[in-house]
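Contents: one structure, followed by commentary.
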Amino acid sequence: FGQGYTQYENFVAPKPAPPNNTAYIYALDLYPLGSPYGNVYQQSIDLNRVAAEWYKAWIRDSVPNRFLTFEAIFDRCDNSILFQYKDISGLDMYKGFAAVENLDGSDGKVYSAPIQNNLAFKMVPSKNNASPNDWQCPTFSDVTQDYWARSFVETLVANGVTAGCEGGPTDYPRYYC
């Protein structure tokens, strides 16, 4: 993962100094190494999204012991990150933060409001900083990037003519049908 970071107070993003190309979901010195210190889980939700969850992660050297549960969902279609915080109670003296930063430290954002239980927010990069391949995931899994009628199908979706049909128990992936 590269170079670590321990100067959490008054964190600023973007910044050209390393580490860069980072997502701080809840930046504190956590110890999620498995029971009794908590766990980190990762799961693919679908072809375009991956979730990472910190379950009962211990704040290292906290007295009394403090445990956190939170997660992030990374979406490759729009390069967004959905931040979700279930239980971060009792953190008066521990000031964690959430932030994202691009590869060279020229673009980034720190979530500036207090992070609290049951909070969720989404960070999406500005489109003027997106790479040419960003923002192009197809609406339907059976209409690929190179499908000859993709632009026509996407126009139908944009104009409300079709919404496709469900592809599974969670309605994703959707199919054009």
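Nothing here was measured: the structure is a model prediction, and the numbers come from that model.
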(message) Using side-chain heavy atoms (C-beta onward) and a distance below 4.5 Å, is Phe121 in contact with Tyr111?
(response) yes
For [X] against [Y], the heavy-atom pair lying closest together:
X: Pro14; Y: Gly105; value: CB-O, 3.1 Å
X: Trp54; Y: Ala72; value: CZ3-N, 4.5 Å
X: Thr69; Y: Ile88; value: O-CG2, 4.5 Å
X: Ala98; Y: Ile115; value: N-CD1, 3.8 Å

Quick one: side-chain contact (heavy atoms from CB on, under 4.5 Å) partners of [X], sequence neighbours excluded?
X: Tyr41; result: Asn39, Glu53, Tyr55
X: Asn118; result: none
X: Ala120; result: Gln84

So, does [X] use its side chain to make a donor-acceptor pair with the main chain of [Y] at under 3.5 Å?
X: Asn102; Y: Asp107; value: yes
X: Asp87; Y: Leu68; value: no
X: Glu71; Y: Ala51; value: no

(message) Using 0.5 Å steps for rounding, measure from the CD atom of Glu154 to the OG1 atom of Thr162.
(response) 10.5 Å
(message) To the closest 0.5 Å, what do you measure between CZ (Arg49) and OG (Ser44)?
(response) 11.0 Å
(request) Check the hydrophobic clustering (I, L, V, M, F, W, Y; side-chain heavy atoms under 4.5 Å; chains of links allowed) and say if Val40 and Ile81 are grouped together. (result) yes
(request) Name all residues meeting the ring-ring contact (aromatic ring centres under 6.0 Å, His included) criterion together with Tyr147; count only those two or more places apart in sequence or in a different chain, and write none if there are none. (result) none
(request) Identify, with sequence neighbours excluded, every residue that meets side-chain hydrogen bond (donor to acceptor under 3.5 Å, both in side chains) alongside Asn159. (result) none
(request) Please list, chain by chain and in numerical order, all residues satisfying salt bridge (charged side-chain N to carboxylate O under 4.0 Å, His left out) with Lys122, sequence neighbours excluded. (result) Asp78
(message) Parallel, tilted or perpendicular, judged at 30° and 60°: which one describes the rings of Tyr26 and Phe70?
(response) tilted
